[in-house]
Number of protein chains: 2
Amino acid sequence: MNCPNLISHLRKHVPLSDGDVALLYTYLRPASIKKKDFLLKEGQVCKANYFVEKGCLRMFYINNKGMEQITHFALENWWLADYMSLSLQQPSQFFIQAIEDATIVAIEAHQQDELFRKLPQLERYFRIMMQRAYAAAQMRVKYHHDYSKEENYKLFISLFPAFVQRIPQYMLASYLGLTPEYLSELRRKG
Amino acid sequence: MNCPNLISHLRKHVPLSDGDVALLYTYLRPASIKKKDFLLKEGQVCKANYFVEKGCLRMFYINNKGMEQITHFALENWWLADYMSLSLQQPSQFFIQAIEDATIVAIEAHQQDELFRKLPQLERYFRIMMQRAYAAAQMRVKYHHDYSKEENYKLFISLFPAFVQRIPQYMLASYLGLTPEYLSELRRKG
DNA sequence: AGAAAATCTTAAGCTGGTTTAAGAAAGAGA
DNA sequence: TCTCTTTCTTAAACCAGCTTAAGATTTTCT
């Protein structure tokens with residue numbers, strides 16, 4: 001078992017002895033998954049919080065027109081889950097799928113409280129991660145309101161040029177909430 | 001000093017002895033503020049996390065057309081802050097203002113780590129609060145994408161009918177991302 | 001009560017972004 | 001290599017929601 005990125009990420013935020021790491025390992029479920037494999041499907045309960053060691057995930061739902069609407073991407077060192085479904089253990093409206101072959105590490109919902117009791121530092125670590133995620137979500141609301149679709153597109157490619165190379169255009173269009181056709185027009189304009 | 005709502009809210013999620021509460025009180029800064037008073041202005045660093053004991057707050061920014069764009073409301077038993085500014089102690093792009101006379105309780109950023117070291121339960125409490133807030137933010141992204149403005153308006157008034165009575169229409173319009181004129185038209189239509 | 005400020009409504013014209021439809025190009029499997 | 005699938009592009013018609021402007025109503029303050 002090997003999760004070098006996760007362990008070093010944890011140690012950036014909280015102290016973890018080697019013994020703590022050994023204990024932690026008994027609660028982690030690492031997995032290799034193939035491109036297009038699903039970690040969660042609509043109607044299932046989200047059973048774990050997923051850390052991306054390597055690769056790339058997307059979270060999406062099927063909108064009222066039957067199209068896949070992407071709401072989140074997760075790259076290396078990001079956590080991803082449907083936190084409403086995970087917290088309340090109720091059926092999810094989302095899918096989580098690999099868009100590249102990926103290595104992920106799962107912490108199961110039903111083991112999380114026990115793990116946090118044994119390693120209380122994790123409570124702090126996830127408090128920081130959730131606060132960070134929520135802070136990003138607050139800014140996202142602002143950008144979404146404040147910028148036109150064209151401006152949002154330009155902002156995104158300026159912030160994440162490498163990532164734009166990594167995913168198909170139509171997934172970026174979906175995430176940004178515009179049609180592939182209009183994205184194509186924006187690219188042509190410059 | 002008196003924060004009954006906050007204490008009972010904490011005790012819903014973590015154990016707190018009377019001694020813990022006494023210690024906690026030394027870190028809480030309660031305040032009564034008047035309608036239209038500000039807790040945060042653009043350019044300032046967000047210095048505290050605010051709990052609403054009574055009343056109602058809004059968070060907004062000035063958009064590129066010079067209009068106030070509301071991004072969050074906070075009623076009784078909600079926490080509100082610009083978490084990006086609070087976490088990184090960098091200048092905020094937001095305002096936080098009372099829209100009714102309000103009683104709030106502040107936990108100052110510069111005391112938070114010390115408080116959490118003395119009462120580690122709070123780390124868990126805020127992990128739960130932040131996860132809940134982020135979960136709500138994930139759902140908000142979905143609703144925002146999936147529903148038309150008219151559907152979002154109808155959803156909001158069906159979910160929060162009492163709140164709709166409490167705030168001016170133009171603030172609801174701002175929050176929902178539509179013009180007061182269009183909201184007026186939607187109301188007329190039924 | 002009266003004046004000023006804040007909030008809400010109506011209606012016409014306009015536009016950013018979608019829809020639809022068709023084809024071109026690139027990638028992947030056999 | 002060839003075929004099938006996936007991804008991307010072009011262009012015209014269309015519409016949800018905005019802008020502008022003016023006035024009506026409600027609330028707040030003196």
Side-chain angles (χ1 to χ4, degrees), chain A residues 34-38 55-56 58 60 62-70 73 95 97-101 141 143-157 163-190, chain B residues 33-38 55-56 58 60 62-70 73 95 97-102 141 143-157 163-190:
Chain A
K34 289 274 173 210
K35 183 172 173 172
K36 298 195 180 176
D37 282 353
F38 287 92
C56 181
R58 65 172 180 149
F60 67 93
I62 305 296
N63 71 17
N64 49 30
K65 286 163 195 148
M67 310 294 294
E68 296 177 356
Q69 173 62 57
I70 297 174
F73 292 112
F95 299 78
Q97 185 187 37
I99 60 183
E100 299 172 356
D101 291 356
V141 170
Y143 291 135
H144 195 88
H145 272 298
D146 211 15
Y147 294 161
S148 69
K149 306 240 160 169
E150 178 169 1
E151 288 169 327
N152 256 303
Y153 163 68
K154 285 181 176 166
L155 181 67
F156 192 92
I157 60 174
F163 183 55
V164 172
Q165 304 306 317
R166 218 165 141 178
I167 56 167
Q169 297 292 331
Y170 78 94
M171 286 197 186
L172 177 56
S174 173
Y175 177 77
L176 293 175
L178 37 79
T179 58
E181 293 82 0
Y182 189 53
L183 180 57
S184 194
E185 192 181 320
L186 292 180
R187 283 164 56 78
R188 178 159 38 113
K189 286 204 318 188
Chain B
I33 59 176
K34 288 276 174 210
K35 182 172 174 171
K36 297 197 180 176
D37 283 354
F38 287 92
C56 181
R58 65 172 181 149
F60 68 94
I62 305 296
N63 71 15
N64 50 29
K65 286 163 194 148
M67 310 294 293
E68 297 177 357
Q69 174 63 56
I70 297 174
F73 292 112
F95 299 78
Q97 186 187 36
I99 60 183
E100 300 172 355
D101 292 356
V141 169
Y143 291 135
H144 195 89
H145 272 297
D146 210 15
Y147 294 161
S148 69
K149 305 242 161 172
E150 178 169 0
E151 287 170 327
N152 256 301
Y153 162 69
K154 285 180 176 165
L155 180 66
F156 192 93
I157 61 174
F163 182 55
V164 171
Q165 304 306 316
R166 218 166 141 176
I167 56 167
Q169 298 292 331
Y170 78 94
M171 287 196 187
L172 177 56
S174 174
Y175 178 77
L176 293 175
L178 39 78
T179 58
E181 293 83 357
Y182 189 52
L183 179 58
S184 195
E185 191 180 323
L186 293 179
R187 283 163 57 78
R188 179 158 41 112
K189 286 205 317 191

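Model, not experiment: these values are computed from the prediction. To find a chain, count down the sequence lines: A is the first, B the second, and so on, and within it residues start at 1.
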Annotated protein contacts, base or backbone, on nucleotides 11-20 of chain C with a non-hydrogen cut-off under 4.0 Å, one of B, S, - each: B-----SBBB

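B/E100 is not listed as a side-chain neighbour of B/K35, based on a closest heavy-atom distance of 4.5 Å or more. Side-chain contact between A/L183 and A/Q169 is present, with at least one heavy-atom pair separated by less than 4.5 Å. Between A/I62 and A/E68 the shortest side-chain heavy-atom distance falls below 4.5 Å.
Annotation for B/E151 and A/N64: closest pair OE1-ND2, 4.5 Å, computed over non-hydrogen atoms.
Judged purely by atom type and a 3.5 angstrom limit, A/K149 uses its side chain to pair as donor or acceptor with the backbone of A/G177. Between the side chain of B/Q97 and the backbone N or O of B/D37 there is no donor-acceptor pair closer than 3.5 Å. With hydrogens and angles disregarded, a donor-acceptor distance shorter than 3.5 Å links the side chain of B/R166 to the backbone of B/G55. Listed for the B/D146 side chain is no donor-acceptor partner under 3.5 Å among the backbone atoms of B/Y143. At distances below 3.5 Å, not a single donor-acceptor pair connects side-chain atoms of A/T179 with backbone N or O atoms of A/A173.
Taking atom CD1 on A/I99 and atom P on D/dT6, their separation rounds to 16 Å, with Å as the unit. Here the C1' atom of nucleotide D/dA11 and the CG atom of A/L183 are 17 Å apart, to the nearest Å. Whole-Å rounding puts the A/M171 CE to D/dT6 P distance at 12 Å. Going from atom OH of B/Y170 over to atom C1' of D/dC18 covers 20 Å, rounded to whole Å. If you take OH of B/Y153 and P of C/dC8, they are 11 Å apart, rounded to a whole angstrom. Atom-to-atom, NZ of B/K189 to P of C/dT9 comes out at 15 Å; the value is rounded to the nearest Å. As rounded to whole Å, 18 Å separates atom P of D/dT6 from atom CD1 of A/I167.
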Pair A/Y175-A/F60, side chain to side chain contact (heavy atoms under 4.5 Å, CB included): steps then yes or no: CA-CA 9 Å; A/Y175 177 77; A/F60 67 93; over 6 Å; no

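The overall bend of the helix from C/dA1-D/dT30 to C/dA30-D/dT1, read as the angle between its terminal helix axes built from five base pairs each, is 60° when rounded to 10 degrees.
Here B/E150 pairs with B/K154 in a salt bridge; the nearest charged N to carboxylate O distance falls below 4.0 Å.
When the side-chain nitrogen and oxygen atoms of B/R187 are compared with OP1 and OP2 of C/dT9, one or more of them lie within a distance under 4.0 Å.
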Nucleotides 24-30 of chain C: which of its N/O atoms have a protein N/O under 3.5 Å away?
none

